[in-house]
Amino acid sequence: MAQGLNPAQEAAVEHGDGPLCVLAGAGSGKTRVLVHRIARLVERRVWPQEILAVTFSNKAAGEMRERLNAMLGTSARAMWIGTFHATCARLLRLHGERVGLTRDFTIFDDDDQMRLATALLKEEGLADSLTPRTLVSLIDRAKNRGEDPARLGGPTYAYDLVARLFPRYKSALEREDAVDFNDLLLKVLELADDPEASPLIGGRFRHVLVDEFQDTNLVQYRLVRHFVRESRNLTVVGDDDQAIYGWRGAEPRNLLDFELDFPDAVVVKLEQNYRSTSVILGAANGVIARNVDRHEKTLWTDNAGGEPVLWEEAQDDRAEADFIGRAIRGLESQEGRSWSDVAILYRTHSQSRVLEEALRIHRIAYRIVGGVSFFQRREIKDIRAYLRLVLNPSADSCFERVVNQPARGIGDTTIERVKAHARLASISLLDAARSCSHGAVTTLKPTARKKLAAFVDIIDGLRQVQAAGASVSELIIQAVERSGYRERLAIEDSPEARDRLANLGELVSMAADFDDEREGKGTLTEFEERISLASALDEQDGRAAQAVTMMTIHAAKGLEFPVVFVCGMEDGLFPSLRPRDMEDEKKSLEEERRLAYVAFTRAKERLVLTSARMRRQWAEVKLNPPSRFIDDIPVEHLAVRERPTAPPRPPAGSLVRARSDRSPPGSDNGSNRMTPWASPRPARHVESGADDFDQRVFEDDFPAYQIDAGANGSDFAAGTTVRHDAFGTGRVLEVRGSGKDQKLLIDFATVGLKTVLARFVSTD
DNA sequence: TATTCGCACTTTTTT
DNA sequence: AGTGCGAATA
């Protein structure tokens with residue numbers, strides 16, 4: 001083995017027992033090292049079931065398992081490979097009874113957590129003093145640090161409220177046999193403190209390897225230390241320059257100070273980058289070099305040269321997206337690149353919408369990673385709630401979610417009475433509903449009782465199906481059917497309803513895959529767990545492989561693409577410059593810088609940066625200067641596209657701004673102009689002063705800012721023909737309101753009737 | 001009880 | 001600009 005490894009990599013792979021710290025630069029082949037090292041351990045007769053490899057995503061875990069399967073065959077199947085959360089969930093399935101969990105405990109995701117928080121605040125009448133978001137994030141923050149949220153106290157009133165509410169939060173989870181994400185880890189830590197369970201945790205693993213160690217938080221580090229308490233065989237791999245989860249409580253110090261805790265640790269540095277061209281690496285190094293708080297390291301590469309990094313400063317966000325669309329088309333036609341070679345990265349999910357539109361216009365297939373994930377869809381969550389209720393009758397939050405979903409005539413008053421009864425008798429809502437249906441509460445009318453009985457019957461029926469040994473996919477089909485969900489959607493028969501039905505079908509086929517994989521032996525609990533722990537990153541399906549990938553920079557960690565676009569390179573957006581509470585400004589700017597470093601180093605061959613002078617953010621127009629990170633890129637590596645001195649059709653005067661003075665000198669002499677791989681523009685559109693580098697076609701698709709004319713004066717009258725950027729032209733049928741919020745009912749030629757804000761259309 | 005409309009809130013990043 | 005919630009209405 002060890003074919004084609006450099007000496008440093010080989011040292012890491014061949015390291016024997018004892019702590020090992022691998023400081024690995026971006027693209028230095030750390031995953032490869034990790035995989036080879038694990039394979040080597042097995043060759044050295046370490047039992048696969050005594051190896052734990054912790055990855056930062058399920059996707060990374062899957063890939064690692066695949067590679068090990070290829071190298072080792074079936075023995076790889078016995079290894080523990082997964083995220084901290086998945087690993088802890090597995091351990092808790094085995095030993096959870098010791099910390100108050102049954103075998104079928106459920107995991108509260110972000111959404112469930114928020115619902116609970118909302119309900120608690122409402123019950124306590126505190127909904128006005130604290131948002132659920134704040135409540136949840138303060139709880140999480142404390143837990144990330146291993147602190148007890150009930151002991152929060154501090155500068156603001158909010159802390160006291162959280163401390164007061166937390167016991168109720170906690171008992172709600174306990175009542176439902178559920179844990180939140182952080183509890184997953186904390187409960188295992190609890191196990192480690194339990195004298196009887198402790199050996200089960202501490203002695204279980206002979207070798208523990210942790211990837212992306214710079215992003216572990218205090219709790220995770222404690223966990224790792226318990227895992228290796230006996231063996232001391234710990235391998236950590238990471239790069240402090242890629243620490244981008246400070247907001248989640250990650251402590252890069254865990255990596256940097258590794259030798260303080262493990263003085264006998266061997267430290268290996270991987271500094272050769274195999275991924276990117278030297279130009280891209282130069283740009284990335286230029287940005288990261290300005291960070292003060294970091295370990296100096298020199299990442300180098302043999303891949304000399306490469307195309308310069310291209311920076312395009314577009315007029316606005318739409319033009320930016322359009323540029324990207326055309327550039328991808330150009331890459332396709334002139335370089336034969338396929339869409340799957342390309343990734344578009346952005347700082348926030350909200351940037352994706354405009355990009356989507358542009359890619360659709362250019363007929364480019366795309367795939368969005370993250371955002372509103374499949375599993376967060378309402379219909380999916382509803383059916384999952386039915387299933388959870390089957391697994392666990394005391395899952396009150398699930399009961400409330402679906403008792404009237406789809407609508408079956410069980411209204412608020414009925415639910416309130418059931419809840420009151422449940423509280424009084426201290427039983428679950430489902431049991432309360434059952435006894436109400438038998439007449440336990442006299443205020444309930446017979447009709448309400450019948451409806452409750454019908455609901456209870458659905459759940460009981462599903463439980464029988466499960467008890468009869470139905471597969472997971474069968475159970476889901478039954479749930480969709482018996483709940484009346486399918487019928488309801490079928491009757492509605494709107495595009496959305498069809499969409500939802502299709503999503504449910506997708507869930508069924510995922511379950512069928514799961515059933516096949518487990519040869520029919522997989523339990524509903526296992527399927528639920530997989531869904532709960534699946535991140536947006538993991539759910540990508542192979543079918544959409546021929547597509548451009550769009551995602552946040554965070555989600556791109558660990559991935560690589562031949563061509564990478566990083567858009568929204570503007571001060572205020574990236575770097576975000578958003579005041580973070582409890583974090584000082586310098587620190588968060590350094591994290592933003594590392595984020596830029598991660599973004600740039602995803603690119604193998606081409607890196608394109610784009611920014612917009614003007615950007616619409618929630619119906620507000622923002623003018624942001626270009627990102628300061630662009631200034632940090634060595635001038636010789638940066639190419640700026642030329643634009644015509646006089647655009648063919650300039651926008652309304654004041655909006656045309658002088659060209660940024662940040663354009664590096666030398667970009668004018670043509671020496672580092674980039675190959676214009678945007679698709680060729682018809683020659684007749686070229687004005688003097690324009691050149692091949694400018695591909696914009698103003699005639700077709702002029703951006704939207706002239707639109708305000710409509711809102712601030714000339715009111716629209718019914719009958720006027722107007723144009724809207726997305727919907728095309730149409731006739732105004734009705735005018736509602738005036739001024740900024742004036743709305744128009746318009747009959748569009750292509751899409752039919754729509755109500756639109758007046759300021760988004762223009763008279764032609 | 002279900003549906004519809006208007007209002008407020010939203011947007012940082014995720015296991 | 002989309003969502004979710006509460007009030008008003010059928």
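Only this structure's heavy atoms are used, side chains among them; waters, hydrogens and symmetry mates stay out. We name chains A, B, ... by the order of the sequence lines, and we start the count at 1 in each one.
The residues E529(A) and R93(A) are annotated as salt-bridged, a charged nitrogen and a carboxylate oxygen being separated by less than 4.0 angstrom.
The nucleotide whose nearest atom lies closest to any side-chain atom of T413(A) is, among dT1(B), dA2(B), dT14(B), dT1(B).
Distance CZ (R347(A)) to P (dT11(B)): 14 Å, rounded to an integer number of Å. Here the C1' atom of nucleotide dT13(B) and the CD atom of E592(A) are 8 Å apart, to the nearest Å. In this structure, R615(A) places its CZ atom 17 Å from P of dT11(B), rounding to the nearest Å. When rounded to the nearest whole Å, the span between CD of E416(A) and P of dT1(B) equals 12 Å. Remark: P of dT15(B) and NZ of K59(A) are 12 Å apart, rounded to the nearest angstrom.
The distance from the CD atom of Q113(A) to the CG atom of D140(A) is 4.5 Å, given to the nearest 0.5 Å.
One finds no side-chain N or O of S350(A) lying less than 4.0 angstrom from the OP1 or OP2 phosphate oxygen of dG2(C). For dT14(B), the OP1/OP2 oxygens have no side-chain nitrogen or oxygen of H85(A) closer than 4.0 Å. Between N404(A) and dA2(B) there is a side-chain polar atom (N or O) within less than 4.0 angstrom of OP1 or OP2.
Taking a centre distance below 5.5 Å and an interplanar angle below 30 degrees as the stacking criterion, Y245(A) does not stack against the six-membered base ring of dT13(B).
Between T414(A) and H554(A), the residue anchored nearer the 5' end of DNA chain B, judged by the nucleotide with its closest heavy atom, is T414(A). When the nearest nucleotides of DNA chain B are assigned to T552(A) and R408(A) by heavy-atom distance, the more 5′-ward of the two goes with R408(A).
You'll find the ring centres of F399(A) and F455(A) inside the 6.0 Å limit. Aromatic pair F213(A)/Y221(A): ring centres closer than 6.0 Å.
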